[in-house]
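Inspection log for the structure reproduced underneath, given as structure tokens.
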Amino acid sequence: MGFAQLYYTSCEHGLSGYAGYQFNAATPGVDQRVLAEVERYTVYEPPPGRADEHPVNLCYSPDLGGYPVVSRIVSCGPDPSGRPGNYFAHSLVGAGGPLAAELWDAAFWASVPVRDPDLPVLEVPGGPLGRVRTDAWVRGHPPELVVRLLSAVDAAVGGDRPVVLVADSATVAHWVAALAHLLPPERARGMAFATYSASPQETFAHVVGVPPGGDLGPLRGRFTVVDPVVGTLDSLPDPPPATRAAAGRAVAAGTAGAEGMWRGAGGCAGGREASLADWHPVLAAADLLRGPGRGVSAAELRAVRGWLPAAVEWLPAADSAALAGRVVDGGAADDRSLADLQRVAHRTGSPELIGRMDRLLVHRCLDGIVAGAAAPAALPMRSAPVREAARGRITALLSVPLPSAGTDGSGGWTPPERAVELLRWARACGLVPSALSLERYGSGVVGPLLAQAPPKGVPEPAVAALLAAHPEVRRGAAARLAGLPRARLGVLAAGPVGALFTGDRDGGALLRELRRLGLDGREDPARLLADVAEIRAGGRAAGAPGAAEHDVDASLLTEVWGRGHGPRAALRTLRVLVPGVRTAPDVAGWVCAPLVAAPPVGAETAWHALAEEVAAHPLRTRIPAEAAWALHDREALDGVLSAWSRTVVSDAGVGGAGPDPGPWSLLDRAHPAPADVCLRSVAAVLLDRAAPRTAARVLGACPAEVFVAYREAAVQRLCDDPPDADTAARVYLTWLGPGLGPERAATVEREVLATALEGWSRRHAGRVRRRLPGEEAAGFDLWVRGHRSRRGLFRMRGGDRR
């Protein structure tokens with residue numbers, strides 16, 4: 001290997017062209033930046049005494065101007081001008097070749113200037129301080145000293161405190177060469193050193209030699225100061241375990257055997273190793289690959305275990321598999337590292353190792369989870385037999401009580417927090433427990449816990465997590481809760497327990513229904529009914545436990561609308577019962593109940609609309625017989641009533657045979673509800689549409705129940721606040737009609753007009769008067785005065801009658 005050479009000293013002839021310190025000669029082509037760095041780096045400060053007794057400084061830097069440079073500096077006495085302290089530096093520039101420390105006392109070193117400024121490239125095959133010579137040197141010192149010193153130098157190369165060796169330069173050179181032979185090759189070439197320095201603080205090296213006898217106080221703290229001759233360990237720190245282990249291996253191999261050790265470990269290296277600690281697992285792995293029983297300690301096995309998941313990226317698959325197997329054989333595969341080793345096994349593709357790691361992982365993880373440990377990380381199981389066995393074990397842990405799980409010795413189920421970890425781990429491993437086991441767990445554990453919860457109690461987080469993540473658990477829990485009394489279940493459904501089932505369309509249909517019913521304010525009962533019907537249909541389709549047989553039944557209708565519902569509620573319900581909604585047989589009776597009872601006053605329109613929709617609805621075939629009777633009679637009465645009302649309104653027959661006799665003959669045998677509604681309609685026609693004289697003639701000849709209906713409707717309108725003035729005027733004119741007859745006319749005056757007048761103010765009476773023709777208006781005034789005189793009503797609600 002060829003090196004460029006540089007001579008630097010104080011001389012009369014050199015590259016500068018003048019006398020003094022300069023490069024006396026150089027191999028042509030060396031970069032000027034390298035010359036400047038070498039000049040600075042090779043400054044020599046001689047100690048007192050004769051020049052031939054001064055120490056020699058063999059120094060090395062891996063990077064001076066971009067190149068590794070090794071130099072030998074010797075003291076020369078006076079320079080050509082007679083000035084003392086001259087020195088001569090012979091430097092070699094270039095990479096490769098022997099280690100710089102091996103070149104101590106080599107024959108090619110020059111110490112005097114030359115006349116020719118051009119130096120040839122120097123071929124350096126090797127140096128005097130080879131591995132055989134340093135091996136004898138190292139073995140003459142305590143191994144612990146060498147281990148600690150080697151560790152300190154390794155740390156210094158890594159950026160820690162530099163090491164100062166207190167010894168003559170020859171001893172320092174031997175130590176530096178021995179340490180370089182013990183270090184990993186790349187680390188050794190990165191170790192900067194100087195066998196002598198008068199000012200270590202200004203020497204940029206990892207290892208610096210200083211002569212004995214000097215003041216070492218200023219150096220302590222910034223440097224690791226060691227006197228290797230005395231061999232004391234006080235100043236050498238105890239290295240970290242990994243560093244110590246690697247250094248111990250190197251020292252045990254010796255400088256002669258270390259070369260082969262590092263070369264052999266290189267086959268396992270990833271290329272990024274630098275420090276001894278980095279090499280520690282690599283060395284152990286290389287030993288393991290040579291065969292079991294090679295003295296790899298438990299700590300080294302653990303180091304290999306931690307290093308292997310990354311190393312599998314560059315190691316041959318067979319080597320990775322062998323190392324993983326030996327880690328397991330050595331008992332170093334603890335629970336925390338199993339997932340990493342499983343990844344290694346899967347990367348190697350070794351069926352035997354994959355099965356072994358999967359089996360070990362399943363066994364330890366399941367035992368640990370049941371015992372209270374968190375679910376460790378894991379990969380999907382690739383071994384089919386292991387996967388099936390694990391699935392069976394998980395199913396058993398969830399399906400039946402554990403013999404030893406109960407604290408009182410009676411046994412019990414896997415607790416919910418353990419089940420969460422168990423299922424989380426199973427999901428990570430690609431293991432799907434059977435749906436039946438999850439459903440059993442929901443029924444056996446989760447359901448009873450929810451059933452015992454207080455009305456506003458929040459279920460424990462593990463229970464909530466199980467319900468959120470596993471529909472089968474929800475289904476089992478819902479089945480268990482469905483057996484509770486409906487009132488108790490309704491309370492739970494309206495609280496935090498019910499909230500856990502709001503999104504469940506499989507098992508929690510009953511809870512969702514009760515929650516919807518329990519929390520609804522009944523602002524829109526029809527919407528509520530439609531929602532519950534949808535929930536029931538979905539739950540029944542999913543086979544949800546406790547799901548109702550029908551989407552709508554009478555009990556649900558009563559719960560939604562309350563008791564005593566009217567035609568409006570029935571009508572809105574009927575519009576919810578669209579095709580596809582499964583209705584119970586009792587729904588028809590509930591819907592038709594308002595049809596067979598007289599509707600409240602003002603609800604006649606809704607009653608008619610309900611009747612029309614029932615008649616056209618598919619439910620028509622299932623309505624009760626009484627409702628069918630009411631519908632039939634309503635239709636008949638409406639037809640006759642419609643024809644009669646047209647006759648009355650047009651005043652047909654006036655002066656002749658009289659108006660159509662009306663539906664009177666049908667009323668006697670009609671169902672009471674449509675008959676009552678018909679009577680109200682007759683009264684409305686006579687009050688609103690018929691001419692007063694026609695109304696009087698009809699009222700004089702109609703059955704008593706028709707007259708009563710007219711009278712009641714008139715009283716209601718005239719006694720309102722304010723009274724209906726138009727109707728009052730028409731009733732007054734009807735009362736005057738000659739066809740009414742004296743008896744019924746007296747009834748109209750006494751029970752309608754006079755009764756209403758008692759509540760009228762003068763203003764109300766005036767409104768009625770203004771709606772009467774002139775002659776009748778005057779008569780109305782006389783009637784009002786006379787009636788009030790007879791009744792003593794001289795004071796009106798609006799003030800004095802006068």
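- Across all their heavy atoms, Ala285 and Leu323 have their closest contact at O-CD2, 3.6 Å.
- Asp358 is listed as a side-chain neighbour of Ile354, based on a closest heavy-atom distance under 4.5 Å.
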Any chance you could lay out the salt bridge (Lys or Arg N to Asp or Glu O under 4.0 Å) test for Glu202 and Arg40, step after step, and finish with the verdict?
CA-CA 11 Å; Glu202 300 175 7; Arg40 181 187 61 81; over 6 Å; no
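- Side-chain N or O atoms of Thr348 include one that pairs as donor or acceptor with a backbone N or O of Ser350 at under 3.5 Å.
- With a 4.5 Å cut-off on side-chain heavy atoms, Val124 and Phe108 count as touching.
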Review item, side-chain donor-acceptor pairs of residues 66-77, under 3.5 Å, at least two apart:
from	atom 1	to	atom 2	distance (Å)
Ser71	OG	Ser91	OG	2.6
Ser75	OG	His54	ND1	2.8

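- The nearest pair of heavy atoms linking Ala390 to Leu431 is CB-CD1, 3.6 Å.
- A salt bridge is defined here as a Lys NZ or Arg NE, NH1 or NH2 lying under 4.0 Å from an Asp or Glu carboxylate O, and Arg187 with Asp278 fails to meet this definition.
- A donor-acceptor pair under 3.5 Å is absent between the side-chain atoms of Asn24 and the main chain of Gly14, judged by distance alone.
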Evaluate Leu149 against Trp175 for side-chain contact (heavy atoms from CB on, under 4.5 Å), listing each step before the verdict.
CA-CA 10 Å; Leu149 186 53; Trp175 272 113; 3.7 Å; yes
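- A side-chain donor-acceptor contact under 3.5 Å links Trp314 to the backbone of Cys268.
- Smallest separation of non-hydrogen atoms from Pro228 and Leu145: O-CD2, 4.1 Å.
- The side-chain heavy atoms of Leu35 and Val30, taken from C-beta on, include a pair separated by under 4.5 Å.
- Of the possible polar contacts, one joining the Arg148 side chain to the Leu236 backbone as a donor-acceptor pair under 3.5 Å is found.
- Heavy-atom minimum distance, Ala156 versus Pro162: CB-CA, 4.0 Å.
- Scanning both residues, Ser320 and Leu315, for their nearest heavy atoms gives OG-CB, 3.4 Å.
- Contact annotation: the side chain of Val172 approaches that of Val176 to within less than 4.5 Å [non-hydrogen atoms, C-beta and beyond].
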Intermediate values then yes/no, side-chain contact (heavy atoms from CB on, under 4.5 Å), Val328 and Leu360:
CA-CA 10 Å; Val328 175; Leu360 183 61; 4.0 Å; yes
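- To the nearest 0.5 angstrom, Asp215 atom CG is 9.5 Å from Arg220 atom CZ.
- Salt-bridge check for Arg263 with Glu259: passed, with a basic side-chain N closer than 4.0 Å to an acidic carboxylate O.
- Considering only heavy atoms from C-beta on, Leu366 comes within 4.5 Å of Leu422 through its side chain.
- Under 4.0 Å is where a charged nitrogen must lie from a carboxylate oxygen, and between Asp287 and Arg290 at least one such pair does.
- Within the 3.5 Å criterion, the main-chain N or O of His346 finds a donor-acceptor partner in the side chain of Arg382.
- Within the 3.5 Å criterion, the main-chain N or O of Val386 finds no donor-acceptor partner in the side chain of Arg359.
- In this structure, His90 and Phe88 have perpendicular ring planes: the angle between them is above 60°, well past the 30° mark.
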Is there a side-chain contact (heavy atoms from CB on, under 4.5 Å) between Asp118 and Thr27 once you walk through the steps?
CA-CA 5 Å; Asp118 294 336; Thr27 301; over 6 Å; no
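- Two residues are said to be in side-chain contact when any heavy atoms from C-beta on lie closer than 4.5 Å; His206 and Val163 fail this criterion.
- Contact of the Pro98 side chain with the Leu103 side chain is registered, since non-hydrogen atoms from C-beta on lie closer than 4.5 Å.
- Tyr196 has its side chain within reach of Pro47: a pair of non-hydrogen atoms, C-beta onward, lies under 4.5 Å apart.
- Heavy-atom contacts from other residues, nucleotides or ligands closer than 6.0 Å to CD of Gln201 number more than 12.
- The side-chain contact (heavy atoms from CB on, under 4.5 Å) search around Asp79 returns Ser10, Ser81, Arg83, Asn86, not counting sequence neighbours.
- Between the side chain of Glu421 and the backbone N or O of Ala373, no donor-acceptor pair lies under 3.5 Å.
- Under a 4.0 Å N-O distance rule, the pair Glu313/Arg347 qualifies as a salt bridge.
- Annotation: the span from Leu308 atom CG to Leu301 atom CG amounts to 11.5 Å, rounded to 0.5 Å.
- Centroid-to-centroid, the aromatic rings of Trp262 and His181 stay 6.0 Å apart or farther.
- Rounded to the nearest 0.5 angstrom, Leu289 CG and Asp319 CG are separated by 4.5 Å.
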Decide yes or no on side chain to side chain donor-acceptor pair (under 3.5 Å) for Asp340 and Ser337, but give the supporting numbers first.
CA-CA 5 Å; Asp340 290 336; Ser337 65; over 6 Å; no
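- The aromatic ring centres of Tyr8 and Tyr44 sit 6.0 Å or more apart.
- Summarising the local packing, CZ of Phe204 is surrounded by 12 or fewer heavy atoms from other residues, nucleotides or ligands at distances under 6.0 Å.
- Using a 4.0 Å cut-off between charged nitrogen and carboxylate oxygen, Asp334 and Arg302 do not count as a salt-bridge pair.
- Formation of a donor-acceptor pair under 3.5 Å by the Asp160 side chain with backbone atoms of Ala155 is not found in this model.
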Are Trp307 and Arg305 close enough, and set up right, to give a side-chain contact (heavy atoms from CB on, under 4.5 Å), and what steps lead you there?
CA-CA 6 Å; Trp307 162 85; Arg305 179 195 69 199; over 6 Å; no
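- Aromatic ring centres of Tyr7 and Phe23 lie farther apart than the 6.0 Å criterion allows.
- Within the 3.5 Å criterion, the main-chain N or O of Tyr87 finds a donor-acceptor partner in the side chain of Thr9.
- Thr255 places no side-chain N or O within 3.5 Å of a backbone atom of Leu182 that could act as its donor or acceptor partner.
- Between atom OG1 of residue Thr134 and atom CG of residue Leu179 there is a gap of 9.5 Å, rounded to the nearest 0.5 Å.
- Closest non-hydrogen pair, Ala252 versus Arg139, comes out as O-NH2, 3.9 Å.
- Side-chain polar atoms of Asp168 and Thr171 form a donor-acceptor pair below 3.5 angstrom.
- More than 12 heavy atoms of other residues, nucleotides or ligands sit less than 6.0 Å from atom CD of Glu53.
- Atom NE2 in His174 sits 4.5 Å away from atom CG in Leu129 (nearest 0.5 Å).
- The distance from atom OH of Tyr41 to atom CG of Leu64, rounded to the nearest 0.5 Å, is 6.5 Å.
- Look at Glu144 and Arg244 and you find a salt bridge, because one of the NZ, NE, NH1 or NH2 atoms lies within 4.0 Å of a carboxylate O, short of that distance.
- Other residues, nucleotides and ligands contribute more than 12 heavy atoms inside 6.0 Å of the NE2 atom of His141.
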